[in-house]
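Lettering of chains follows the sequences in order, A, B, ..., and the numbering in each one begins at 1. In this text, all values refer to a predicted model and were calculated from it rather than measured experimentally.
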Amino acid sequence: MRVLVVDDDGITGEMLENSLGRFGYEVTVAADGKEAFDLIRSGLYRLVVCDWEMPEMSGLELCRQVRQRRWSGYIYVIILTGHGGVGNVVCGLDAGADDYLTKPFQPDELGRRLRVGERVLSLEARDLTIFALAKLAESRDIETGVHLERMREYCRILAEEISKCEEYQDVVDGQYVELIYLTSPLHDIGKVGIPDRVLLKPGRLTREEFEIMKQHTVIGGNTLNAAAMAHPEAEYLLMARDIALTHHERFDGKGYPRGLSGEEIPLCGRIVALADVYDALTSKRIYKPEYSHEIAKAIIMDAEGTQFDPAIVSAFLNRELDFLAVRRQFQMRLAAVG
Amino acid sequence: MADPVDMQELVARCMGNVEFAERVLAKFRARLDEDLLELEKAVRAEDAPGIARVAHRIKGAAANVAAHGLRERAAGIEERAAAQALADVTRLIDELRNERLRLRDTSSLVASLVSASSSPPTAG
Ligand SMILES: [Fe+2]
């Protein structure tokens, strides 16, 4: 397990690295809060051991900033400091620190506290919950689960590409990419609440049936919203909710369920919209053949600015080789399975 | 007179790695020299917050390497500077300097530690 050590004092940093290395942790040392925050944004660190007093950004400030953002998983922070006293402990815990140790550190004690942190992280049921929910969604979907697996890959590629845009640099980081990868398979979870006669109907839907079908966005959004309210610590549920609710919105405002347009649609919804359509186009469905990448690409380009956000379309065009690679990879997998 | 550095404690904090402990001490000495110069500069300028800041840094670093004599003096200086009572700060800095001189060569300390234990310290 990786640990991020943050200390402006190089000697302490080195000693912590030595101790934690012996305990089997993979240690990275950051010399200040800013550097640490950037490393945390990479999505690689869930355990942080942090000095209190540092120039530029203090340990407390780092804690506050970590708590303000939506991460793919919980970040466990232990504050290490020369300050003693109950008042200071309260101050540290208030800022969002999980644990508090006074300097000089005792390796055994620090090791024990880190184990506690690991336990807390593993207890976090996020991945299991998402997996169970995605399976549930899958069970009601006439498409195979491969659709969900491909789509999350497309979402990841698009988010990665979007992170290079200046406009989205502050929003889309490693954490965001991981989060959309995890939560995009839940986009159609609301289909659980659509009656079989509509969901499984082989032919074209009547206008009335289509209205019912559209409700899968609202049902999914409401369900995930209720879960998010009940578990405010599980922030991934907020993105899952946004995706379920808005993945059928259109950039020009002619989508459903709310007819949102442009930036009113959360970025994750705009990304999933394109990924979902690309996969539907390039897959065989009961009502349509499998289109080639070229045809799918032409259809998507044609819908730039109407159905899709131009920024997402250009991300797609920049990464179309990666889309093709994902498709091929899954074709090979299916062929191998027989 | 107590040892300038409690080698048992330091080596324990270094997970039994004596060589690593020696390297840490060498770095500590070099940085302490820089900090002492900065401390004296702050004293000359009668810059109480500056004195407190450097003393705090020395205190933390000294605690880390189990240099308890140094840690106590640095803590004393920090307290006085925080209270703006600079009267005997100069005396404490002299004592700090003396402690620093006693740190000149810790290799003998390390040697005594190694020979004192029947078996060399191993990683836990
Ligand atoms: Fe959908």
Separation between CD1 of A/I243 and SG of A/C155, rounded to the nearest 0.5 Å: 6.5 Å
Among B/E78, B/E95, B/E79, which one satisfies salt bridge (charged side-chain N to carboxylate O under 4.0 Å, His left out) with B/R73? B/E95
Which is it for B/E34 and B/R31 under the salt bridge (charged side-chain N to carboxylate O under 4.0 Å, His left out) test, yes or no, and what are the steps along the way? CA-CA 5 Å; B/E34 287 169 27; B/R31 220 197 39 205; over 6 Å; no
Distance in Å, A/Y181 OH paired with A/I157 CD1, rounded so as to fall on 0.5 Å steps: 10.5 Å
Side chain, backbone, both or neither of B/R71 within contact of chain A (heavy atoms, under 4.5 Å): neither
Can you measure from CE (A/M57) to SG (A/C50) and round to the nearest 0.5 angstrom? 10.0 Å
Going from CZ on A/R112 to CG on A/D99, what distance comes out if it is rounded to the nearest 0.5 angstrom? 11.5 Å
Can you tell me which portion of B/A21 sits under 4.5 Å from chain A's heavy atoms? Options are side chain, backbone, both or neither. neither
Where on B/F28 is there a heavy atom nearer than 4.5 Å to chain A: the side chain, the backbone, both, or neither? both
Contacts of residues 7-17 of chain A with chain B (heavy atom under 4.5 Å): A/D9, A/G10, A/I11, A/T12, A/E14, A/M15
Is the closest side-chain donor-acceptor distance between A/Y168 and A/E161 under 3.5 Å? no
